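Here's the structure we're looking at; comments come further down.
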Protein chains: 2
Amino acid sequence: MSRQAQSQHESSEAGADQRSPVALLGTFIAARGLKHSRQRDVIVETFFEIGGHVPVEALVARVHERDRRISVATVYRTMKLLAECGLALPRQFGDGQTRYEPATAGAHHHDHLICTGCGAIVEFENEDIEDLQLRVARSHGFEVESHKLELYGRCAACRARGEGRS
Amino acid sequence: MSRQAQSQHESSEAGADQRSPVALLGTFIAARGLKHSRQRDVIVETFFEIGGHVPVEALVARVHERDRRISVATVYRTMKLLAECGLALPRQFGDGQTRYEPATAGAHHHDHLICTGCGAIVEFENEDIEDLQLRVARSHGFEVESHKLELYGRCAACRARGEGRS
DNA sequence: ATCCATGCAAACGCTTTGCACCAGG
DNA sequence: CCTGGTGCAAAGCGTTTGCATGGAT
């Protein structure tokens, strides 16, 4: 909605900020004097392949499909690195486990709809709500730095499936 | 909401839903065939004395000021019981620990402003935001069951204290 | 007498960390 | 080579649970 189209052709092949995540990470790593490794590649590729809001546990499982010997610790360390690089966003929903969501270059802040039936997570963005948030905060003397909004409910599919809730 | 006033005179002296939390818990306990105990009284009294959004750890500390021998397990069990009774609401902010907030009888749903400077937690309620939430959800085929909205920022006091953020 | 509640400590799930070894620059 | 990365296992943290004991009804 508020994302203005910058140029039309860049989407054709690569686009300045459309380099592969692995490549982007490479840049960050180089800039920080860190090192490159095979397991990081695997983890990062797998993470962006999944694309969604991945619990670390699930990511580990997927990574192990490619290389059984990559350790959980390395996955955690790599995800933390990705988060520091701004390539992944850690999310804390109520269930005690950290999920990571890919942070694509031009992406805006958004919030989440979470289906209590099937666990589906849908992203949305709403400027009106954000405006109201700022206003409410200001009326309490707060200056908002960030926020978290999660709506829990049943998605269309789940409602269709079991009309009279379980 | 679904609790209808059963008798009328009980409200005369104490107020139907204004009875002390310990007394209210007593009623629930009796109704469920559970038992009363000294440590529950201490925990519940302490909890409502604090009144805010208490991390369990802090509650335990306070409880221990009164009786060192009450165990952590009992505090957790009691808070879970209070939550089931509807007298306390468990809250999960992002910091990995559960906080409980007293649920007074007529209280509405509300959301939270959390100061990233001093940790202060302010409650607010905003119908417009809630309306918009419902609308957004519906536009995605969701039927909202509950939601969580947290605004993180700096409160007036903290901003006054250190204008140029640390 | 009967259950429930308690305390203790062990177990838990998720995440982090210490350490010795391995590997990229 | 030197520094950072890895695997493993242990530790950490908040929370829960099994079990024997103690207390309320």
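The model shown is predicted, which means the values in this text are computed figures rather than measured ones. Below, chain A is the first sequence line, B the second, and so on; all start at residue 1. Atoms considered below: every heavy atom in the structure, side chains included; atoms not considered: hydrogens, waters and symmetry mates.
Take the nearest nucleotide of DNA chain D for B:V56 and for B:S37: the residue whose nucleotide is more 5' is B:V56. Where B:R99 and B:K35 each meet DNA chain D at their nearest nucleotide, the meeting point lying more 5' is that of B:R99.
Phosphate contact (OP1/OP2 of C:dT15, side-chain N/O of A:K80, threshold under 4.0 Å): absent. Between D:dG23 and B:Q39, no contact under 4.0 Å exists linking OP1 or OP2 to a side-chain N or O. OP1 or OP2 of C:dT15 lies within a sub-4.0 Å distance of a side-chain N or O belonging to A:T98.
For the pair B:H36 NE2 and C:dC4 P, the interatomic distance rounds to 17 Å; values are reported in whole Å. Going from atom CE of A:M79 over to atom P of C:dC14 covers 16 Å, rounded to whole Å. One atom, CZ of A:R68, and another, P of D:dC8, lie 12 Å apart when rounded to the nearest Å. Put simply, CZ on B:R40 is 15 Å from P on D:dG23, counting in whole angstrom units. Rounded to whole Å, atom C1' of D:dC13 lies 13 Å from atom OH of A:Y76. Here D:dG4 presents its C1' atom at 12 Å from CG of A:L81, a figure rounded to the nearest Å. Whole-Å rounding puts the B:Q92 CD to D:dT15 C1' distance at 11 Å. The distance from atom CG of B:D95 to atom C1' of D:dG14 is 11 Å, rounded to the nearest whole Å.
A distance of 10.5 Å separates CZ of A:R69 from NE2 of A:H64, quoted to the nearest 0.5 Å. The distance from the CG atom of B:D41 to the CZ atom of B:R66 is 10.0 Å, given to the nearest 0.5 Å.
In terms of polar N and O atoms assigned as donor or acceptor, the side chain of B:R77 comes within less than 3.5 Å of the base of C:dG7 in a complementary pairing. Contact annotation: side chain of A:R32 to base of D:dG4, donor-acceptor pair absent below 3.5 Å.
Judged by distance alone, the side chain of B:R40 and the main-chain N or O of B:K35 form a donor-acceptor pair under 3.5 Å. The main-chain N or O of B:P90 is never found under 3.5 Å from a side-chain atom of B:T98 such that the two would form a donor-acceptor pair.
Aromatic ring orientation, B:H53 versus B:H112: perpendicular (interplanar angle above 60°, classes split at 30° and 60°).
Across C:dG7, C:dT16, D:dG7, the shortest atom-to-atom separation from the side chain of B:T74 is found for C:dG7. Taking only side-chain atoms of A:S71, from C-beta outward, the nucleotide of C:dC14, D:dC8, C:dT6 with the closest atom is D:dC8. The side chain of A:A73 has D:dC8 as its nearest neighbour among D:dT6, C:dG24, D:dC8.
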